[in-house]
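Let me give you the structure first, and then I'll get to my questions.
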Amino acid sequence: MVDGHIHLERGEYSREWVSRFVDQALACGLHEIWLLEHCYRFREFVPMYDSVCTYSDYINTWFHQKAGVLELSDYLHLIHDIRQHPFPIKIKFGLEICYFKEFESFVVDTAAGKGFDFLLGSVHFVDGFAFDHKPEHWSHVDVDTVYRRFFETSIDLANSGIYDGIAHPDSIKLFGHLPSFSLQPYYEELACSLSRQNMYAEQSSGIYRRCPGTAELGMTHDLLVCMKRHHVPIITVSDAHCPKDVGAKIPELAALLE
Ligand SMILES: [Zn+2]
Ligand SMILES: [Zn+2]
């Protein structure tokens with residue numbers, strides 16, 4: 001069993017901190033964990049967020065509390081140290097990178113070839129709208145338009161050829177909003193693009209853990225069927241932000257893939 005999306009962010013970069021994730025992973029019977037960080041933690045990525053900070057005062061405040069507190073070299077040093085003295089579990093190290101179409105070449109210049117095991121692309125903003133922060137922020141938007149643009153942006157992410165995988169591919173559903181039209185054509189196009197680019201898709205428990213009343217566990221059934229039909233590799237992930245959530249619902253996620 002694999003947990004392919006675990007955030008290190010709430011602790012110091014030290015062997016002791018990483019060992020707490022490893023201990024929990026071993027206790028859950030995992031054989032592989034993928035550790036990552038949000039790219040905005042690193043000073044190098046801060047310029048990518050100018051437009052979303054301008055879009056909303058809420059995001060501007062949130063961003064400046066969390067962003068740019070480290071340099072990529074801090075993380076790369078930790079990765080180097082852990083690789084020198086491996087733990088008794090396979091660990092991959094990556095970055096979760098917010099996708100903005102106008103920053104594709106910026107991301108390549110900043111993250112490619114730096115020694116990461118994987119680059120994970122995420123849609124966290126739809127034309128500037130940070131859809132996954134608070135349900136009340138949705139009261140000002142057109143649900144159909146947000147859904148269309150979420151999937152169009154996801155397809156652009158896949159076609160960019162930058163990423164190894166796509167994170168939480170239908171996280172737009174988290175607060176229970178539904179479009180008035182069928183999403184099937186978008187599911188087809190997204191799965192087709194991922195397959196063509198040799199990218200994986202996440203089967204995640206993160207959204208369900210946050211919003212159990214409005215989001216089901218993992219991908220919506222029709223999207224999952226579509227991914228499988230296009231032979232897109234699917235990785236089970238917790239999106240843990242602390243050691244105790246490592247491995248959360250991984251067996252249940254795996255069962256849904258059968
Ligand atoms: Zn994410
Ligand atoms: Zn994440």
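Just the heavy atoms: all of them, side chains too, but no hydrogens, waters or symmetry mates, feed the values below. Remember, it's 1-based here, ligands and their atoms both numbered in the order they're listed. Keep in mind the model is a prediction, meaning the values are calculated, not measured.
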Non-neighbouring partners of Asn198 that pass side chain to side chain contact (heavy atoms under 4.5 Å, CB included), sequence neighbours left out =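 Expected list: none.
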Residue His124 atom name (nearest to the Zn ion (ligand 1); N/O/S) |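 Minimum-distance N/O/S atom of His124 relative to the Zn ion (ligand 1) is NE2.
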Show the atom names and distances, to 0.1 Å, of all donor-acceptor pairs under 3.5 Å that link a side chain in residues 247-258 to residues at least two apart or in another chain.
none

Mind checking how many protein N/O/S atoms fall short of 2.8 Å from the Zn ion (ligand 2)?
->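 Counting protein N, O and S atoms closer than 2.8 Å to the Zn ion (ligand 2) gives 4.
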Measure from the side-chain N and O atoms of Ser14 to the backbone N and O of Trp17, and report whether any donor-acceptor pair falls under 3.5 Å.
->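 It does hold such a pair.
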With sequence neighbours excluded, residues passing side chain to side chain contact (heavy atoms under 4.5 Å, CB included) with Lys244 =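 Partners of Lys244 under the side chain to side chain contact (heavy atoms under 4.5 Å, CB included) test: Cys242.
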Lys NZ or Arg CZ of Arg229 over Tyr187 ring: under 6.0 Å, within 45° =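 Not flagged: Arg229 not positioned over aromatic ring of Tyr187.
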When you measure from the side chain of Thr214 to the backbone N and O of Leu174, does any donor-acceptor pair fall under 3.5 Å?
->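 Looks like yes, one N/O pair under 3.5 Å.
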